[in-house]
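Data block below; observations after.
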Amino acid sequence: MVETREQRAALLGLAVLAILPWAADAIGQGFVITLASRVLINALAAVSLDLILGFGGLVSFGHAAFFGIGGYVVGILAFHAGEGEALFGLVPGTDQALIALPAAVAVASLAALAIGALSLRTSGVHFIMITLAFAQMVYFLFVSLKTYGGDDGLIMSRRDGFPGIDLRDNTVFYYLCLAALAAFLALCDRLVGSRFGMVIRGCRENERRMAALGYATYGYKLTAFAIAGAGAGLAGALLANHDKFASPDMLHWTKSGELMVMVILGGMGTLYGAVLGAFLLIGLESLLAAFTDHWMFVLGPVLILVILFADRGLWGALAGASRDG
Amino acid sequence: MNLLLEQLLNGLQFGVMLFLLAAGLTLVFGIMGLINLAHGSLYMIGAYAAAYVGVRTGSFLLAILAGLAAAAATGVAVEMIVLRRLYRRDHLHQVLATFGLILFFNEGMSILFGRQPLFANVPATLAGALTLPGGLRYPVYRLVIMATGAGVAGFLYLLIQHTRIGMLVRAGATHRDMVRALGVNVPLLYTAVFGLGALLAGLAGSMAGPLLSVQIGMGEQILILTFVVIVIGGIGSVRGAVIGALLVGLVDTMVRAFLPGLLRGIMSNASADSVGGGFSSISVYLLMAIVLLWRPRGLFPAHG
Amino acid sequence: MFRLAVTASAVALMALPAMAADPVKIGMVTTLSGPGGYIGEDARDGFKLAIQEEGGNLGGAPVQVLVEDDGLKPGNGKQSAERFLTNDKVKIMTGIIFSNVAEAVVPDVLEAGAFYLSLNAAPSNFSGKGCNKNYFVVSWQNDTLHEAVGANANRLGFKRMFAMAPNYQAGKDAIAGFKRVFKGEVVGEIYNSLDQTDFAAELAQIRAAKPDALYQFEPGGLGITFLKQFAQAGLKDTIPMAVAFPSVDQRILGAVGDAALGLHVSYHWNTDFDNPASKAFVADFEKTYSRVPTTYASQGYDTARLLASALKAVGGDVGKTDAFRAALRKADFVSVRGAFKFGQNQHPIEDWYAGDVVKGADGKPMVKTVAKILTDHVDAYAKDCHL
């Protein structure tokens with residue numbers, strides 16, 4: 001019963017999102033579409049974090065690294081396409097989404113594989129610290145690369161091309177983001193319901209028992225980590241295209257913190273909660289910012305209250321218990 | 001030669017600053033098992049209070065006292081209202097709740113003082129430079145900071161090794177549950193430890209303010225490095241905090257000072273400086289990653 | 001701290017008495033927070049002063065200035081500009097202080113077909129081949145600010161100098177401009193980071209190089225911390241400094257006090273200028289805002305006055321883009337610097353002066369003009385711009 005109620009809520013949400021651009025144009029608030037695209041992109045990154053955080057119990061404080069790497073892959077490929085010079089003399093640039101987006105996903109997952117391989121050797125607070133350390137290393141690496149903008153970020157002259165559709169149209173881009181989010185959610189949904197997902201959740205509950213049962217827990221966790229990295233990378237690639245801009249802010253540890261906040265606000269371990277959390281956080285920010293500069297003064301205590309008292313987050317309240325019952 | 005000496009002193013001074021912050025953070029982490037991201041905010045609050053009072057009254061002593069008082073008071077209040085409920089929770093919830101505190105304090109400071117930095121001045125008596133043996137002229141104020149840090153380290157050593165409170169602190173760091181079982185007034189102990197950590201953070205902020213500048217977010221910049229220090233040094237260990245802080249301070253400063261020069265041979269000046277700057281930042285995290293993979297509990301772990 | 005768009009949307013509705021015309025909307029993206037925040041505030045206040053002097057109009061047309069803070073982050077500036085251009089449909093934008101934000105935002109503005117009037121940042125990429133018919137600079141082309149310092153250093157007879165600037169486009173333009181004119185030897189060159197607070201390492205290198213003098217470009221809060229630490233390190237009495245005005249503007253002077261005495265500054269405008277427009281501006285600014293205007297405020301003011309002259313020529317109708325552009329090019333207004341004219345790349349051709357920081361009559365440090373160092377100086381990129 002729980003599953004059905006949750007899935008009904010999700011389908012309802014999807015329907016609302018599908019007609020959003022039409023509704024926004026109808027009331028003359030076209031700017032909402034770009035804001036909504038940004039929310040969907042952040043939702044995608046938050047969902048990928050929920051996969052390892054909520055289900056795997058892996059508190060990664062460096063998730064923004066994969067988000068930013070995805071963005072920079074797109075930006076760097078576009079840069080080299082514009083310059084006409086190949087990257088390292090080998091890899092030609094591209095301004096085609098069909099190449100750039102998968103490339104971003106691939107690089108981000110490889111980075112996740114590498115970072116995960118080392119980080120997963122630790123646990124507890126040391127895991128948190130080492131993921132943070134690696135993310136900071138990636139951040140400072142990109143800050144130091146002046147060719148790609150360094151601290152100021154990398155500007156793209158236009159969005160990537162896509163055969164048959166024009167991504168420069170904000171509404172078209174919105175639907176691309178929605179499609180990406182829906183696809184990744186469907187993938188994760190399948191994943192956590194499968195045996196793979198059971199093992200991951202088992203690792204969070206009691207890793208020693210899982211190992212005793214014969215599961216290679218390290219391998220499972222690493223795979224989940226890489227998939228999460230892929231999702232974040234896709235989100236970053238979409239954001240770079242959206243803004244025509246990739247910046248080190250995408251890699252900063254406060255971005256990792258933001259993503260964690262989205263997961264918590266929406267409800268850890270629910271997947272759809274992360275989407276809700278993204279809407280909540282960015283929506284709240286836009287709304288409050290119109291009233292006062294100091295909206296974070298309110299957000300801070302709200303976050304603390306949620307942590308202290310409302311552990312299941314908003315999705316938990318709306319759509320029922322988390323998947324662990 | 002003087003250049004090398006000056007950069008070494010700079011590294012030590014930075015290390016001392018980090019130690020003042022790390023000492024409190026490592027004790028809180030070791031004894032209460034609490035990750036507190038808002039420790040940097042206590043540093044910031046101390047800096048703001050000290051700068052505000054310093055500019056209004058012109059007295060450096062009053063400024064320092066104001067900074068200490070503000071940081072300690074805020075620390076105790078935060079501990080009693082928010083952090084007490086987090087001791088039993090897992091690290092993720094502690095991270096996120098204290099992250100919320102950061103937002104609250106940053107924005108609170110901007111409401112009180114505006115979004116632009118406060119500039120306080122080093123007191124006139126300490127504003128000059130001292131000529132050291134060898135001819136190097138080094139700012140007196142930075143030497144004072146180093147002396148203060150050494151003094152604090154000595155005081156903490158005496159406190160922890162030779163007093164009853166210190167004994168409880170050591171016991172709490174290694175065998176938290178046993179201390180509770182032995183009937184010690186644990187909540188009071190925790191509040192006292194947290195207050196001490198806050199005091200030290202406030203001291204660091206008060207002293208840093210006149211030297212650097214007092215601005216929103218100054219806490220976060222140094223907070224991450226502070227975590228690196230305590231992870232390298234060993235969670236719960238003040239001795240580890242000393243060694244870790246000096247190590248991080250020296251590595252960061254020396255690489256930042258000399259790497260760009262080495263890179264200029266192979267790239268343009270601006271690129272050398274930016275790559276050098278980037279890599280010097282990376283070097284500290286690299287150091288931490290290596291230490292974690294080699295000695296997962298840090299160099300001087302407190303827990304048995 | 002969140003890196004989300006910190007939108008300080010202070011929608012400054014400049015009153016319009018007449019209901020007839022819709023006000024001309026002007027989008028201002030500027031730096032209002034952080035160590036460089038007072039610079040944006042001054043530029044904004046100078047701009048608004050001109051509007052206030054005309055009772056809410058510029059050139060007879062009612063105007064509405066929308067202000068947002070970029071927080072020195074190009075990403076934030078981009079988002080604010082996007083909002084202004086798509087949501088508010090502004091046709092005129094201005095305000096950017098820092099070149100890194102300008103490089104991210106200006107192309108978006110020009111691509112949308114709007115006009116950009118720079119009241120401060122003017123990086124070299126937009127001054128030569130990258131120039132654009134809708135892009136006007138009222139302040140100075142980035143390099144010229146520092147070419148003037150080079151000329152001043154020559155005048156003062158310095159032969160071996162050490163150069164230091166932040167590592168972003170304006171910093172690189174700075175050192176490039178300085179080297180272009182300075183005839184001596186640059187014995188050392190450092191690029192520090194834009195958010196640096198501790199200069200101990202750099203000061204050690206400067207000391208070790210033993211130059212005749214130091215040239216530094218550290219604007220805003222960077223300048224305050226640098227000058228204080230320079231004095232604390234005992235270097236003030238041994239190494240003179242030749243700088244451009246951003247390194248020692250009126251606010252920095254107030255904050256560092258005696259640590260700035262003896263500095264050699266070059267600028268295109270100073271509070272002690274003698275012409276009637278300048279004296280009236282300084283008096284009016286002090287009366288309205290109870291503080292001395294910085295050069296940035298004068299640039300904001302001049303930009304508004306330029307805009308006023310163009311709006312007057314088109315009767316407040318920015319839709320007449322060709323006429324508006326021609327009116328802007330004509331620059332038919334009285335600047336606080338004296339005469340004002342644009343070069344072929346729509347950047348100013350202007351005079352540069354040198355001053356020294358001395359103790360004023362009230363005992364506080366001030367900049368006193370001592371010489372004119374460059375006359376009708378054209379920037380190095382103008383010849384590459386063909387509009």
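Order of the sequence lines fixes the chain letters, A, B, ..., with proteins taken first and strands second; residue numbering starts at 1 for each chain. This structure is a prediction, so every number in the text was calculated from the model and none was measured.
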(Q) Restricting to non-hydrogen atoms, name the atom on Pro139(B) and the atom on Ala233(C) that form the minimum distance, rounded to 0.1 Å. (A) CG-CA, 3.8 Å
Q.
Which one wins on heavy-atom pair count under 4.5 Å against chain C: Gln13(B), Arg142(B), Gln215(B)?
A. Arg142(B)
Q | Structural part of Leu136(B) lying under 4.5 Å from a heavy atom of chain C | A | side chain
Q: Please determine, among Ile190(C), Asp195(C), Ile224(C), the option with the most heavy-atom pairs under 4.5 Å with chain B.
A: Ile224(C)
Q: Tell me, out of Pro260(B), Ala120(B), Gly11(B), who's got the most heavy-atom pairs with chain C below 4.5 Å.
A: Ala120(B)
Q: Tell me, for Ala208(C) versus chain B, whether the close heavy atoms (under 4.5 Å) come from the side chain, the backbone, both or neither.
A: side chain
Q) Does atom CZ of Phe279(B) have more than 12 heavy-atom neighbours from other groups under 6.0 Å away? A) no
Q. In terms of heavy-atom contacts, does CG of Leu61(B) have more than 12 from other residues, nucleotides or ligands at under 6.0 Å?
A. no
**Q.** Side-chain touch Leu32(C)/Gln116(B), heavy atoms, less than 4.5 angstrom
**A.** no
Q.
Check whether Asp198(C) reaches the backbone of Leu212(B) with its side chain - one donor and one acceptor, N or O, closer than 3.5 Å.
A. no
**Q.** Asn10(B) portion near chain C, given a 4.5 angstrom heavy-atom threshold
**A.** side chain
Q: Check step by step if side-chain contact (heavy atoms from CB on, under 4.5 Å) holds for Thr238(C) and Arg137(B).
A: CA-CA 11 Å; Thr238(C) 45; Arg137(B) 284 175 64 79; over 6 Å; no
Q.
For Phe60(B), is the CZ atom crowded, meaning more than 12 foreign heavy atoms sit under 6.0 Å from it?
A. yes
Q) Does any heavy atom of chain B fall under 4.5 Å from the side chain of Leu235(C), the backbone, both, or neither of them? A) neither
Q) Do you know the tightest heavy-atom contact between Thr225(C) and Ser213(B)? A) CG2-CB, 3.9 Å
(Q) Under a 4.0 Å threshold between the charged nitrogen and the carboxylate oxygen, would Asp273(B) count as salt-bridged to Lys172(C)? (A) no
Q. So, do Lys228(C) and Asn121(B) sit near enough that their side-chain heavy atoms are less than 4.5 Å apart?
A. yes
(Q) Please classify the contact of Gln205(C) with chain B as side chain, backbone, both or neither, using a heavy-atom distance under 4.5 Å. (A) both
Q. Stepwise, does the side-chain contact (heavy atoms from CB on, under 4.5 Å) test hold for Gln232(C) with Val140(B)?
A. CA-CA 8 Å; Gln232(C) 280 164 24; Val140(B) 172; over 6 Å; no
